[in-house]
Protein chains: 2
Amino acid sequence: MDGIDLAQRPNFCQACTIRNRAICADLDDEEVALLNRIGRKRHLQPGEQLLWEGEAAILVANVVSGVLKLSTATADGREQIVGLVYPSDFVGRPFAETTPYGAEALTDTEVCVFQRKDFDRFALEHPRLEHKLLERTLTELDRSRRWMLLLGKMNAQERVASFLVETSGRLQGGRKDIGASGEPSQIELPLSRQQIANVLGLTIETVSRQFTQFRKDGIIEMPSSRTIVVPDRSALLARTG
Amino acid sequence: MDGIDLAQRPNFCQACTIRNRAICADLDDEEVALLNRIGRKRHLQPGEQLLWEGEAAILVANVVSGVLKLSTATADGREQIVGLVYPSDFVGRPFAETTPYGAEALTDTEVCVFQRKDFDRFALEHPRLEHKLLERTLTELDRSRRWMLLLGKMNAQERVASFLVETSGRLQGGRKDIGASGEPSQIELPLSRQQIANVLGLTIETVSRQFTQFRKDGIIEMPSSRTIVVPDRSALLARTG
DNA sequence: AGCTGGAATTGATCTCCATCAAGGCATTGC
DNA sequence: GCAATGCCTTGATGGAGATCAATTCCAGCT
């Protein structure tokens, strides 16, 4: 962590696959070099924890590849997944002392981590970064509010259908051209049935039954339990509520 | 809206009751004067709509006094309230073309409204404002995720208890000294039973029954249906989950 | 006072999903 | 091969809260 080490560290950002999509996108080369200095790459295995709910907010990170879940729990241990973090997304809680939720890798994951205090300082000094972070946070707030509609008002079928629609969208990085008309799209779910249930506020059994129902109705195919083929997206959308 | 009119407009911000708590708090006098020029005060009656879900994002606003609800609806009209906006809070969706949720006044409300495009431009040019907005948005995201825990995992009793705890907190402007030990605190609910139900993902009947139950158990008193007295906050917290 | 209309409460019944319980089906290690 | 383990699926049952249906309450009006 000393100056010499930092100075010698190669600039990972230049070759970063999410360089143009993450919050660093609007930074110029000089700024990126500075950011590169305070960050470091880290690999997470499935199940490995990056942040612990209620603990001091030490780290923030960009996700380079892989998927993380964000979760909170009640006092007696019931867990609710409150966010899924995909490549180019930001994770962690800047400008606060404690982390309001846990973050855990669902797949093999590469993140670009920063000491929260370093990041806070950098953000305050670089408005373009802060602006990107604001846009991202506003989008995430919109997403979590749509999620609240799902949790508050939708039945099991609508929840599972919505989950599949949303997940296929996120996994394709927001591209809308796929599966819009007729071509089937294939999803590789990064979540187990239990985790899907924790996302949707349901039980594992109910989620499983809905998948089976969709399969029987010809709305999806399941080559394996984590691989979902959607032959006709509109049929799925019709069950979204 | 012409220049002369704007120049003559008195600087409302100087006397603003939320001047030090809203996102304008860190602006200097000159910046506030500029912001004052592009904003205007507006009064909303209970039930009056400020933003329409899915419409163009024309306005953003600060709430000076009163309470607003934010809501989204499914295609077939089921409504979910996804946010409550109290004095000094910000409402609206900067940096986007459409408003993702509706906003409607629950009480007599004073807001300080801006054309979204004016506000966006001002924010980009004034990092201190954008920083405040970011902090607020991050806090709101935390809040909405806790809300997701409520909607996804809590039973009716826990939801209503959590709602009362949260509401008393927000109405007191975040002060923690009240009701902490023994003194009873009194809440004047800005929401009808139906609206509380829409916040909590329950029906009006279930909410009503929970209130009755709490009253019978001596955890709350109800001088009127919208006035709640909490003699012992810890007894309520114990039912929070 | 008496009337009126919207909101809240209370009761009776039903339904969807949670819960409980078993069995299927892969993968891993011996 | 075949136990063992973990995940998923399927079936049977029960219960929390939704739904349907009356009252009751209360503020505003005449």
Side-chain angles (χ1 to χ4, degrees), chain A residues 45-47 69 74 76-80 106-107 150-164 187-217 220-228 239 241, chain B residues 45-47 69 74 76-81 106-108 150-164 187-217 220-228 239 241:
Chain A
Q45 310 220 310
K69 67 168 194 186
T74 57
D76 61 337
R78 286 166 285 170
E79 181 196 23
Q80 173 68 39
L106 296 175
T107 65
L150 180 147
L151 292 171
K153 285 282 155 5
M154 291 188 185
N155 63 28
Q157 182 181 78
E158 294 165 338
R159 292 184 198 204
V160 174
S162 298
F163 171 79
L164 289 175
I187 313 169
E188 196 60 36
L189 294 176
L191 295 83
S192 69
R193 292 286 184 275
Q194 181 58 64
Q195 288 161 344
I196 295 172
N198 283 348
V199 166
L200 299 179
L202 298 170
T203 59
I204 182 174
E205 294 94 334
T206 300
V207 171
S208 182
R209 278 186 251 266
Q210 290 302 326
F211 273 111
T212 303
Q213 191 59 49
F214 285 160
R215 194 165 44 69
K216 283 181 180 165
D217 295 354
I220 62 170
E221 289 153 36
M222 277 202 290
S224 82
S225 76
R226 288 205 181 204
T227 311
I228 310 291
R239 309 221 171 180
Chain B
Q45 309 221 309
K69 66 167 194 187
T74 57
D76 61 337
R78 286 166 287 169
E79 181 195 21
Q80 174 68 40
I81 295 181
L106 296 176
T107 64
D108 270 284
L150 179 148
L151 292 172
K153 284 281 157 358
M154 291 187 185
N155 64 27
Q157 184 180 80
E158 293 165 338
R159 292 183 196 204
V160 174
S162 298
F163 171 78
L164 289 174
I187 314 169
E188 196 61 35
L189 295 175
L191 295 85
S192 69
R193 291 286 184 276
Q194 180 59 64
Q195 288 161 345
I196 295 172
N198 283 346
V199 166
L200 299 178
L202 299 171
T203 58
I204 183 173
E205 294 93 333
T206 300
V207 171
S208 183
R209 280 187 249 269
Q210 288 302 327
F211 272 111
T212 303
Q213 192 58 49
F214 284 160
R215 195 165 43 71
K216 282 180 181 166
D217 295 353
I220 61 170
E221 290 154 35
M222 278 202 289
S224 82
S225 77
R226 289 206 180 205
T227 311
I228 310 291
R239 309 220 170 181

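Scope of the values below: all heavy atoms of this structure, side chains included, with no hydrogens, waters or symmetry mates. Every chain is numbered from 1 and lettered A, B, ... according to where its sequence line falls, protein lines coming before strand lines.
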- prompt: Pick the nucleotide of DNA chain D nearest each of A/K216 and A/R226; which residue has the one closer to the 5' end?
  reply: A/R226
Given B/L150, B/L191, B/V207, the one that forms side-chain contact (heavy atoms from CB on, under 4.5 Å) with B/V199: B/L191
query: Do any side-chain nitrogens or oxygens of A/T212 fall under 4.0 Å of OP1 or OP2 in D/dT10?
result: yes
field: B/R159 (side chain) and D/dG17 (base): donor-acceptor pair under 3.5 Å
entry: no
- prompt: Whole-Å distance between C/dC16 P and A/K153 NZ?
  reply: 17 Å
query: Can you check whether B/G152's main-chain N or O pairs, donor with acceptor, with A/R78's side chain at less than 3.5 Å?
result: no
message: Tell me if the side-chain of A/R209 makes a donor-acceptor pair with the base of C/dT19, cut-off 3.5 Å, by modelled atom types.
response: yes
field: Close side-chain approach of B/L200 to B/T206, heavy-atom, < 4.5 Å
entry: no
task: Measure the spacing between CD of B/E79 and CG of B/N198 and express it to the nearest 0.5 Å.
output: 4.5 Å
query: Rounded to the Å, how far apart are A/L200 CG and C/dC17 P?
result: 12 Å
Whole angstrom value for the distance that separates P of D/dC7 from CD1 of A/I196: 13 Å
query: Rounded to whole angstrom units, what separation is found between the CD1 atom of A/I204 and the P atom of C/dA21?
result: 17 Å
query: Could you give the distance from CD (A/E221) to CD1 (A/I228), rounded to the nearest 0.5 Å?
result: 10.0 Å
message: Can you tell me whether the side chain of A/E205 and the base of C/dC20 have a donor-acceptor pair closer than 3.5 Å?
response: yes
task: Whole angstrom is fine here: how far is it from CD in B/Q194 over to P in C/dG5?
output: 21 Å
- prompt: Which nucleotide, C/dT9, D/dT10, D/dC8, lies nearest any side-chain atom of B/M222?
  reply: C/dT9
message: Measure CG/A/L189 against C1'/D/dC8 and give the value in whole Å, please.
response: 13 Å
query: Does the side chain of B/S208 get closer than 4.0 angstrom to OP1 or OP2 of C/dT9 through an N or O atom?
result: yes
field: Phosphate-side-chain proximity, A/S225 and D/dT9, N/O vs OP1/OP2 below 4.0 Å
entry: no
- prompt: What integer distance in Å separates A/N155:CG from D/dA16:C1'?
  reply: 17 Å
Side chain B/R193 and base C/dG6 donor-acceptor under 3.5 Å: no
Closest-nucleotide 5' rank along DNA chain C - winner of B/S192 and A/Q210: B/S192
